J.: 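Questions regarding the structure given below will be posed in turn.
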Amino acid sequence: MKKMVVLMVLLLLVGCSEGIKTEVKTFEFAGEIRKIIVIGRGANIEFNKREIENTVEINVMKDAMQNAIILSGRHTDEGPLYELEVIYENGSKDKIDLWIYANTNTGRFYLNDMYSLNEGAIPAFIKLFDSYKEVR
């Protein structure tokens with residue numbers, strides 16, 4: 001009996017010493033992007049719908065969103081400021097809700113989960129969206 005208890009304790013210690021493995025979930029686009037349609041929502045309802053097929057502009061958006069980390073915790077009830085319709089080369093589509101805040105240089109987006117925009121890419125992302133507002 002004593003040997004069984006010692007064996008169980010050893011197994012427990014070995015099992016705990018492997019450490020906890022956590023996997024950080026990141027965002028990946030579902031395929032090669034053909035086009036992105038940007039639609040204003042909420043405070044940006046006056047924003048004219050914009051179709052983006054330019055590779056440089058698509059890459060700015062990809063840099064801000066690809067591999068973004070999922071957010072945990074509470075989120076605002078504020079509706080999205082933009083909606084992105086991402087159209088892939090294979091014809092499939094994703095609709096993504098987007099929030100960007102130029103004054104705090106932050107942003108987030110929602111597609112099945114809430115993600116934060118990649119911090120280093122946000123300034124170029126905001127500059128791109130500001131250029132869309134200027135052209136009416």
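Fair warning: this is a prediction, and the values are worked out from it, not measured in the lab. Just so you know, these numbers use all the heavy atoms, side chains as well, and skip hydrogens, waters and symmetry mates.
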J.: Name every donor-acceptor pair, under 3.5 Å, that has one atom in a side chain of residues 36-44 and the other anywhere in the protein, sequence neighbours excluded.
T.:
unit_1, atom_1, unit_2, atom_2, d
Arg41, NH2, Glu83, OE1, 3.4
Asn44, ND2, Leu81, O, 3.3
Asn44, ND2, Tyr82, OH, 3.4

J.: Answer with yes or no whether the hydrophobic clustering places Leu128 together with Val86; edges join I, L, V, M, F, W, Y residues whose side-chain heavy atoms lie under 4.5 Å apart.
T.: yes

J.: Using 30° and 60° as the class boundaries, would you call the ring planes of Tyr115 and Phe109 parallel, tilted or perpendicular?
T.: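 Parallel.
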
J.: Pick out which of Ile96, Ile33, Ile52 makes a side chain to side chain contact (heavy atoms under 4.5 Å, CB included) with Met61.
T.: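 The passing option is Ile52.
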
J.: What's the spacing between Asp97 CG and Arg108 CZ if we round to 0.5 Å?
T.: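 Atom-to-atom, Asp97:CG and Arg108:CZ are 10.0 Å apart.
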
J.: Any sub-3.5 Å donor-acceptor pair from Asn118's side-chain atoms to Gln66's backbone N or O?
T.: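 Yes, Asn118 side chain to Gln66 backbone: donor-acceptor pair under 3.5 Å.
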
J.: Decide yes or no for Met65 and Leu117: does some side-chain heavy atom of the first lie under 4.5 Å from some side-chain heavy atom of the second?
T.: yes

J.: Once salt bridge (Lys or Arg N to Asp or Glu O under 4.0 Å) is applied, what residue pairs with a partner in residues 111-128 remain, sequence neighbours excluded?
T.: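 Found Lys25-Asp113.
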
J.: Nearest heavy-atom pair of Ala68 and Ser116: which atoms, and what distance?
T.: CB-O, 3.0 Å

J.: Kindly say whether Arg50 contributes a backbone atom to a donor-acceptor pair with the side chain of Tyr132 at under 3.5 angstrom?
T.: no

J.: Mind checking whether Trp99 and Thr106 have side chains closer than 4.5 Å, heavy atoms only?
T.: no

J.: If you round to the nearest 0.5 Å, how far is CZ of Phe29 from NZ of Lys62?
T.: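 Nearest 0.5 Å value for the NZ-CZ distance: 7.5 Å.
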
J.: Please report the shortest heavy-atom distance between Ile122 and Gly107, naming the atom on each side.
T.: CD1-N, 3.9 Å

J.: Say you draw a straight line from CD of Glu53 to NZ of Lys35; how long is it, rounded to the nearest 0.5 Å?
T.: 5.0 Å

J.: Are Ile87 and Leu98 connected in the hydrophobic side-chain network, where two residues link if heavy atoms are under 4.5 Å apart?
T.: no

J.: How about CD on Glu32, more than 12 heavy atoms from neighbouring residues, nucleotides or ligands closer than 6.0 Å, or not?
T.: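 Counting other residues, nucleotides and ligands, CD of Glu32 stays at 12 neighbours or fewer.
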
